[in-house]
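Below is one structure, written out as structure tokens; the observations come after it.
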Amino acid sequence: QMQLVESGGGLVQAGDSLRLSCAASGGSFSSYTMGWFRQAPGKEREFVAANSWSGGSTYYADSVKGRFTISRDNAKNTVYLQMNSLKPEDTAVYSCAAKSQYTSGNVYLKTSYSYWGQGTQVTVSS
């Protein structure tokens, strides 16, 4: 059973940057594809970014491409989301999720992920 704990959220102004972290425990981190999702009030949870278990592939939502960067440190069992040029529409609860390399499913779909963190709030003021 993998546990995921996010940190790094906060209140920032438009144009600022934030780095989110997600620390994993209880599983073989290097064998999991890690994803970030977000959910704004009144909206569905949506895909933001993912980093394959091998670290060789990254995936981004069109809305964050060029502004956000996902990375992982397998030695620290941690995945990061560097968010630059933040916009008010980026305001949401950001959650990390883990998908085993042994399970099928599209990395863009939240249903493909087995483990989820509690989330961290990111608020971007205009």
Side-chain angles (χ1 to χ4, degrees):
Q1 187 83 3
M2 177 174 278
Q3 292 81 45
L4 303 173
V5 179
E6 302 93 338
S7 61
L11 172 63
V12 297
Q13 293 188 331
D16 285 352
S17 297
L18 274 178
R19 189 176 81 155
L20 305 183
S21 300
C22 172
S25 61
S28 180
F29 181 75
S30 61
S31 66
Y32 284 82
T33 289
M34 300 300 297
W36 285 97
F37 288 76
R38 67 186 182 186
Q39 187 168 20
K43 295 188 176 182
E44 293 282 325
R45 179 177 284 177
E46 65 175 4
F47 171 81
V48 176
N51 185 301
S52 66
W53 63 270
S54 66
S57 298
T58 55
Y59 310 84
Y60 295 97
D62 288 343
S63 58
V64 306
K65 204 171 293 184
R67 299 188 299 122
F68 291 11
T69 302
I70 188 171
S71 62
R72 65 192 296 158
D73 186 337
N74 286 345
K76 295 183 178 180
N77 288 355
T78 301
V79 62
Y80 304 98
L81 185 68
Q82 177 67 42
M83 306 186 295
N84 298 331
S85 303
L86 282 161
K87 304 175 181 180
E89 50 264 43
D90 294 319
T91 295
V93 175
Y94 285 71
S95 300
C96 67
K99 172 187 177 303
S100 172
Q101 64 169 316
Y102 302 112
T103 61
S104 60
N106 190 307
V107 299
Y108 296 93
L109 302 179
K110 54 183 180 286
T111 53
S112 298
Y113 293 80
S114 303
Y115 301 105
W116 291 84
Q118 292 296 313
T120 185
Q121 176 71 47
V122 172
T123 303
V124 184
S125 63
S126 56

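Side-chain contact between Trp116 and Arg45: present, with at least one pair of heavy atoms (C-beta onward) separated by less than 4.5 Å. By the 4.5 Å heavy-atom criterion applied to side chains, Tyr60 and Ile70 are counted as neighbours. Using a 4.5 Å cut-off on side-chain heavy atoms (C-beta onward), Arg38 and Thr91 make no contact.
More than 12 heavy atoms of other residues, nucleotides or ligands shown are found within 6.0 angstrom of CD on Glu46.
Hydrophobic clustering (ILVMFWY, side-chain heavy atoms < 4.5 Å, transitive): Val79 and Leu20 are in one cluster. Note: the hydrophobic cluster containing Tyr59 also contains Phe37 (ILVMFWY, side chain heavy atoms under 4.5 Å, direct or indirect links). Transitive grouping of hydrophobic side chains (ILVMFWY, heavy atoms separated by less than 4.5 Å) keeps Tyr108 and Tyr32 in distinct clusters. If you chain together hydrophobic residues whose side chains sit under 4.5 Å apart, Tyr94 and Phe47 never meet in one group.
Formation of a donor-acceptor pair under 3.5 Å by the Glu6 side chain with backbone atoms of Cys22 is not found in this model. Checking side-chain atoms of Arg72 against main-chain N and O of Phe29 turns up a donor-acceptor pair under 3.5 Å. The main-chain N or O of Ala23 is never found under 3.5 Å from a side-chain atom of Thr78 such that the two would form a donor-acceptor pair. Side chain of Tyr113 to main chain of Val107: a donor-acceptor pair is present (N/O by atom type, distance under 3.5 Å, no hydrogens or angles). A donor-acceptor pair under 3.5 Å is formed between the side chain of Thr33 and the backbone N or O of Trp53.
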Side chain to side chain contact (heavy atoms under 4.5 Å, CB included) between Lys110 and Ser95, worked out: CA-CA 11 Å; Lys110 54 183 180 286; Ser95 300; over 6 Å; no

Val122 vs Met83, side chain to side chain contact (heavy atoms under 4.5 Å, CB included): CA-CA, chis, key distance, verdict: CA-CA 10 Å; Val122 172; Met83 306 186 295; 3.9 Å; yes

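A pairwise comparison of heavy atoms in Val12 and Ser17 identifies CG1-O, 4.4 Å as the closest pair. Of all heavy-atom pairs spanning Leu4 and Ala24, the tightest one is CD2-CB, 3.6 Å. Among all heavy-atom pairs drawn from Ala14 and Pro88, the shortest one is CB-CD, 4.1 Å. Met2 and Ala98 make their closest contact through SD-CB, 3.6 Å (heavy atoms, listed as atom of the first residue, atom of the second, distance). The two residues Asn74 and Ser30 have their closest heavy-atom pair at ND2-CB, 3.7 Å.
Here the options are Val48, Val64, Thr120, the test is side-chain contact (heavy atoms from CB on, under 4.5 Å), and the partner is Leu81; only Val48 passes.
With rounding to the nearest 0.5 Å, the separation of OG in Ser52 from CE in Met34 is 12.0 Å. Expressed to the nearest 0.5 Å, how far CD of Gln121 lies from CD of Gln39 amounts to 11.0 Å. To the nearest 0.5 Å, the span separating NZ on Lys99 from OG on Ser104 amounts to 7.0 Å. Rounding to the nearest 0.5 Å places OG of Ser28 at 8.0 Å from CD of Gln101.
The cationic group of Arg19 lies under 6.0 Å from the six-membered ring centre of Tyr80 and within 45° of the ring axis, placing it in a cation-pi geometry.
Comment: Lys65 engages Asp62 in a salt bridge, judged by a side-chain N to carboxylate O separation of less than 4.0 angstrom.
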